[in-house]
Amino acid sequence: MTYTSLHWGAYRPLVENGRLVEMRPVPWDRDPSPIGSSLPGAIDSPSRIRHPAVRQGFLERPGRSGEGRGCEPFVEVDWDTALDLVAAELQRVRREYGNRAIFGGSYGWSSAGRFHHAQSQLHRFLNGFGGYVSSRDSYSLGAGRVLMPHIAGDMDWLLAQHTSWDNLAEHCQLFVAFGGLPLKNAQVSPGGASDHLLREAIGRLSRAGVRFVNVSPLRSDLQGAANCEWWPLRPGSDTALMLALAYVLVDEGLHDEAFLARYTVGFERFRDYLLGHSDGQPKDPHWASARTDIPAPRIVELARRMAASRTMINVAYALQRAVHGEQPFWMTVTLAALLGQIGLPGGGFGLGYGAMNNTGSGRKPFSGPRLDQGSNPVRDFIPVARIADMLLQPGAPFDYDGQRHHYPDICLVYWAGGNAFHHHQDLNRLVRAWQRPQTIVVHEQYWTAQAKYADIVLPATTALERDDIGSASSDRFMLAMKRAIAPVGEARHDYRIFLDLARRLGFAEAFGEGRDEMDWLRHTYEGSRQRARDQGIELPDFDDFWAEGCFEVPRPAEQTILLKAFRDDPQAHPLGTPSGRLELYSERIAGFDYADCPGHPVWFEPPAPGYPLHLISNQPKTRLHSQYDHGAYSRASKIREREPLMLNPQDAAARGIADGDIVRVFNAQGALLAGAIVSDEVRPGVVQLATGAWYDPLDPAAPDSLEKHGNPNVLTRDVGASSLSQGCSAHTAHVEIERWRGELPPVSAFQPARFVAR
């Protein structure tokens with residue numbers, strides 16, 4: 001049987017006469033994602049890149065025409081011409097500037113397949129070529145990934161051992177969800193989501209009598225719970241609310257002093273700040289109420305309930321995608337430590353339940369085959385969200401995790417997988433930065449803005465056009481992903497593209513090791529068997545696995561409880577922090593002397609908004625990031641072809657906006673068009689516009705052009721969360737909106753690039 005694994009689900013492709021007509025969910029998936037319905041019709045749509053293409057100005061003047069990116073037409077060329085040109089540019093840049101002038105700008109969501117993982121292929125290729133400037137962390141978890149090793153442990157390690165939903169259903173009594181538990185986010189997991197869990201998990205907890213508190217400006221951030229309170233706090237004020245809850249616990253003696261003494265360090269320093277001894281301002285419920293819009297008596301009552309119940313405190317990834325984004329994560333751990341339930345069944349803290357499907361699955365954290373990427377001799381790097389800074393400010397210093405670094409001077413950007421014009425902030429600034437490199441090469445499947453703003457575009461296959469192995473950490477199944485359709489047009493696998501380039505550059509044997517695609521699948525599968533055995537998993541023979549099509553990873557014998565071993569014996573199982581314990585005060589972070597991230601969690605007053613409405617640019621429901629925005633499911637959600645924007649009836653009435661109107665959304669960064677949905681599902685003073693609409697400027701040649709499709713990143717600020725992490729801060733954004741009264745420009749985001757003859 002033919003299966004395929006996508007980041008949002010496992011499917012059985014139905015093909016008729018060589019064309020994909022349906023994506024049928026696998027029978028075991030209890031809540032399949034409808035995103036899969038977008039692939040038929042989209043995979044071979046006019047948006048598909050069918051042939052290698054080179055921007056006209058670049059073909060005429062290689063390396064010397066960046067100003068034409070995004071507005072010049074392309075020339076379709078044959079593969080040899082394109083590959084010769086890429087190889088020549090790589091050699092030229094290395095010869096003239098060195099490998100420190102090459103940026104390998106991939107992002108990890110391109111394919112659920114473990115071999116045809118574009119990021120791994122790109123990094124292996126560039127390492128074989130002598131190295132490249134890399135990026136660290138992620139847009140999703142930039143602040144959290146840097147902070148957590150200082151105070152609790154490596155982020156991936158923590159996520160892999162989150163308390164299972166099974167355990168929560170048996171033992172949890174109160175689930176306090178800062179940022180909610182969005183069902184739409186839990187459609188996905190890196191590497192695949194073969195069995196969707198969250199909807200059924202919320203139902204099980206509800207039937208068991210668990211009470212939920214949805215602390216979010218959006219009511220829809222927690223759906224399906226029978227006993228759920230909505231606390232529509234002011235966006236960005238979660239840390240203030242957590243501090244006030246902590247204040248009540250300490251002030252009323254409800255905190256667990258024995259737990260704090262044995263398992264944490266730094267409580268006394270934090271307590272002095274909490275009670276106002278160090279700065280003269282107690283962080284009490286009245287103080288927090290003025291910042292959160294949550295009444296002080298409700299805060300007191302919730303703190304008492306949390307102390308009297310087996311309580312799980314969860315924080316969504318979204319909260320740390322903001323200025324000072326480290327603080328809500330740090331306060332989540334601190335608040336849970338005060339309750340003293342960390343490591344106990346049903347209690348403690350979570351960092352992203354509902355953010356991805358596999359968090360809380362209770363499955364073993366086995367991630368299946370891996371492609372060896374080799375070693376990168378270039379030490380230069382950037383935090384992933386600082387790409388525009390790097391391109392605009394070569395040589396400028398930046399702080400990161402206690403060290404001072406400098407941005408490299410990038411001449412060539414090589415991108416395979418990902419779309420910077422989706423996930424980066426302040427896109428008008430990115431467009432200006434994007435003109436600076438001498439050469440930009442991309443592997444792409446569709447004519448996204450990433451492709452339209454490149455110099456050389458190499459058409460890549462999709463997951464359905466190649467053989468691969470689908471596997472995700474803590475997921476239920478490992479799948480044999482057998483090719484369902486032939487490659488569209490002249491699309492080639494990333495592996496073949498890089499192998500052909502390696503031949504031209506003299507390291508084909510080192511890169512390909514003499515293996516074809518199936519040889520690599522067998523090789524990487526066999527290489528994962530020992531890691532599987534280390535976790536008590538016995539993989540079948542590769543031929544048996546490939547014939548059967550799937551392998552179910554066995555469940556652990558015991559339910560997973562986050563930090564249980566640490567609680568049982570903190571000396572035998574210390575954390576990976578400097579003290580081996582939870583650090584409510586971090587001497588290491590304090591020693592960095594960052595004014596915007598001191599040694600314990602604190603409240604920073606938010607920057608002056610400048611515009612009246614807080615913009616929440618959250619994850620979309622109808623696609624993964626920007627993937628398959630051109631598909632039927634995503635396009636059906638739009639309003640007159642624009643991305644939908646939700647606003648409260650009070651804000652709509654004040655501006656004369658009705659449901660279904662097209663609105664102009666603007667601030668100092670830029671302006672866009674979107675379709676209005678008037679709903680009391682969002683609190684007053686807040687508008688919600690999901691990320692992922694393909695960037696579509698009215699005039700690509702004009703600076704700061706109106707974006708006509710609804711990409712919110714023309715409005716978000718491109719500043720780091722703090723000097724510690726430099727994570728993205730997309731949720732610290734304010735806008736104004738008005739009804740659009742002019743002629744409505746057509747959306748052209750899904751049209752292919754313009755072509756001219758050579």
*asked:* Is it the case that over 12 heavy atoms from other parts of the model lie below 6.0 angstrom from the CZ atom of Arg100?
replied: no
_Can you tell me how the ring of Phe507 sits relative to the ring of Phe129, calling it parallel under 30°, perpendicular over 60° and tilted otherwise?_
tilted
*Indicate yes or no for a side-chain donor-acceptor contact from Glu707 to the backbone of Gly710 under 3.5 Å, with no hydrogens or angles considered.*
yes
*Six-ring centre of Phe666, Arg664 cation under 6.0 angstrom, axis tolerance 45°*: yes
_Cation-aromatic face contact Arg386/Phe398, 6.0 Å, 45 degrees_ = no
*Are His116 and His493 an aromatic pair by the rule of ring centers under 6.0 Å?*
yes
_I need the minimum non-hydrogen distance between Gly192 and Ala112, along with the two atoms involved._
N-CB, 4.2 Å
*Measure from NZ or CZ of Arg136 to the centre of the six-membered ring of Phe381 and say whether it is under 6.0 Å with the direction within 45° of the ring axis.*
yes
*Between Tyr633, Trp109, Tyr446, which is the residue that forms a ring-ring contact (aromatic ring centres under 6.0 Å, His included) with Tyr628?*
Tyr446
*Minimum heavy-atom distance between His709 and Glu641, given as atom pair plus value*: CD2-O, 3.3 Å
*Ignoring hydrogens and geometry, is there a side-chain-to-backbone donor-acceptor pair from Thr732 to Val323 under 3.5 Å?*
yes
_With a 6.0 Å cut-off on the ring centroids, do Trp434 and Phe421 count as close?_
yes
*Looking at Phe511 versus Tyr495, is the centre-to-centre ring distance below 6.0 Å?*
yes
*Pairs meeting criterion side-chain hydrogen bond (donor to acceptor under 3.5 Å, both in side chains) with involvement of residues 743-757, two or more places apart*: Asp696-Ser748, Lys708-Ser748
*asked:* Please give me the minimum heavy-atom distance between His117 and Ser111, naming the atom from each residue.
replied: CD2-O, 3.7 Å
_Geometric cation-pi criterion Arg69 and Tyr453, 6.0 Å radius, 45° cone_ = no
